[in-house]
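All figures in this text were calculated on a predicted structure; none of them were measured in a lab.
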Amino acid sequence: MSAGATGVGSLPGGDAREAARTATGSFEDFPYLPELPARGPGADMIGRSTGLLVDMYAHVEPSGWRISDRPGRDTRRARSWLGEDLDALEEFTQGYTGRLKVQAVGPWTLAAALELHGGEAMLQDAGACRDLVGSLAEGLREHLADVRKRIPGADVVLQLDEPSLTAVLLGRVRSASGYRTYRAVDRQVVEGALRDLFAVHDGEVIVHSCAPEVPFGLLRRAGATGVSFDFSLLTEREDDAVGEAVEGGTKLFAGVVPGTDGPLSDPGGSVMGVRKLWRRLGLAPGTLAESVVVTPSCGLAGASPAYARAVQAHCVRAARSLADNPE
């Protein structure tokens, strides 16, 4: 069993066909649906996911995305770009069978980013958060059905991006004024909402966060089959949680290659930290390849196109090195 490799989500540039060609060409065994935020509002992570919502809409204000009463130009633009990206992916995955990843923003990062009419984050209103979870679940169900119809051989993996999850749990999300923070959301509530969302998909569901202190235990209890994270931010304090997750069957999507331009080490060097972690946890080296998927540390929107291509090829080689020499 070879260790897999895939991308996180975003790529530089604005050409959907070029992005689909890169994502499917680099990761022949585990392609993904690229996101191109450089196109502007609606192609960004938050805007794209608001376009998936059912009976809930948002528009751009100078301060960010705000809930609207009806769909406007920004919603239409987000949906149109997603359609364009899916058309391009469909073109480059004719006859493809195997794992294919699609990404959307999770409910807690959305709740921290979306403003209510008064300008405060949706996060402070428990009822609004519940409505958001329901709307997103419905939208994801439709989106996943559309992906399966377009690429019938795909074994679809759903990735929920939750970079703000830790801040939500620890009461670190700043209010509109920036002078105060919103109250921490109860862990049970956070876990329950995630569990409800994971239930819309009968395949693999992974949660991605490139923030420090990823709550591995909570995500595992909520039913995530994998956790995607920036490996350089992992500390030994998290060893126990990571070890329990791996022993419970959770896959680690280890972001080991920097997402912005810089020198790349040799592929074996990129996964040295993963091998060390395995030794520290006392796990059998032979389980590395089936437990770890190699990725860039975060999205590649801030990289140059040449570096983005190089990083993806590097991830594939690093995964091969991990499978060939787990020790």
Side-chain angles (χ1 to χ4, degrees), residues 8-9 45-46 49-50 53 64-65 67 103-116 120-137 140 158-201 205-248 250-255 297-299:
V8 171
M45 189 168 106
I46 299 297
S49 293
T50 61
L53 298 175
W65 286 89
I67 291 296
Q103 305 82 221
V105 176
W108 296 108
T109 297
L110 267 186
L114 286 175
E115 297 173 356
L116 296 164
E120 289 299 341
M122 202 179 231
L123 191 62
Q124 72 165 22
D125 182 331
C129 287
R130 277 194 298 275
D131 292 346
L132 177 66
V133 170
S135 170
L136 181 60
L140 282 173
L158 171 63
Q159 172 180 310
L160 291 173
D161 294 321
E162 280 284 17
S164 302
L165 182 60
T166 303
V168 167
L169 288 164
L170 298 176
R172 290 181 188 162
V173 178
R174 295 214 159 277
S175 66
S177 68
Y179 291 127
R180 59 185 185 87
T181 53
Y182 297 112
R183 222 180 22 240
V185 181
D186 181 85
R187 296 182 84 85
Q188 264 15 78
V189 173
V190 169
E191 196 180 309
L194 289 172
R195 188 176 293 116
D196 290 349
L197 259 184
F198 298 167
V200 307
H201 184 45
V205 181
I206 66 172
V207 174
H208 169 72
S209 169
C210 40
E213 301 172 70
V214 174
F216 285 92
L218 180 144
L219 294 173
R220 187 172 57 97
R221 285 192 303 277
T225 56
V227 181
S228 164
F229 58 100
D230 178 343
F231 193 84
S232 70
L233 298 176
L234 205 60
T235 65
E236 294 195 14
R237 277 202 309 274
E238 287 146 302
D239 277 5
D240 288 350
V242 173
E244 276 170 31
V246 172
E247 286 175 340
T250 307
K251 282 201 167 57
L252 301 184
F253 285 67
S297 58
C298 214

**Asked** Between Arg221 and Glu244, does at least one N-O distance fall below 4.0 Å, as a salt bridge requires?
**Response** no
**Asked** Got a sec: does the CZ of Arg237 have more than 12 other heavy atoms crowding it under 6.0 Å?
**Response** no
**Request:** Apply the test side chain to side chain contact (heavy atoms under 4.5 Å, CB included) to residues Ser49 and Gln103: give CA-CA distance (whole Å), side-chain angles for both, the deciding distance (0.1 Å), then the verdict.
**Result:** CA-CA 9 Å; Ser49 293; Gln103 305 82 221; over 6 Å; no
**Request:** Check whether any side-chain heavy atom of Ser175 lies under 4.5 Å from a side-chain heavy atom of Tyr182, and answer yes or no.
**Result:** yes
**Asked** If you round to the nearest 0.5 Å, how far is OG of Ser228 from CG of Asp161?
**Response** 8.0 Å
**Asked** Roughly how far, to the nearest 0.5 Å, is the NE2 atom of His208 from the CG atom of Asp230?
**Response** 8.0 Å
**Item:** Considering all heavy atoms, the nearest Val207-Ala224 contact
**Value:** CG2-CB, 4.3 Å
**Prompt:** Roughly how far, to the nearest 0.5 Å, is CG of Asp239 from CZ of Phe216?
**Reply:** 10.5 Å
**Prompt:** Roughly how far apart are Ile67 CD1 and Leu53 CG, rounded to 0.5 Å?
**Reply:** 7.0 Å
**Asked** Is the backbone N or O of Ile206 less than 3.5 Å from a side-chain atom of Gln159, with the two atoms forming a donor-acceptor pair by type?
**Response** no
**Asked** So which heavy atom on Ala193 is nearest to which on Trp108, and how close?
**Response** CB-CZ2, 3.6 Å
**Complete:** So CZ of Arg195 and CG of Leu219: to nearest 0.5 Å the spacing works out to 11.5 Å
Give every donor-acceptor pair under 3.5 Å between a side-chain atom in residues 165-174 and any protein atom, sequence neighbours left out.
{"unit_1": "Thr166", "atom_1": "OG1", "unit_2": "Glu213", "atom_2": "O", "d": "2.9"}
{"unit_1": "Arg172", "atom_1": "NH1", "unit_2": "Glu213", "atom_2": "OE2", "d": "3.4"}
{"unit_1": "Arg174", "atom_1": "NH1", "unit_2": "Gly178", "atom_2": "O", "d": "3.2"}

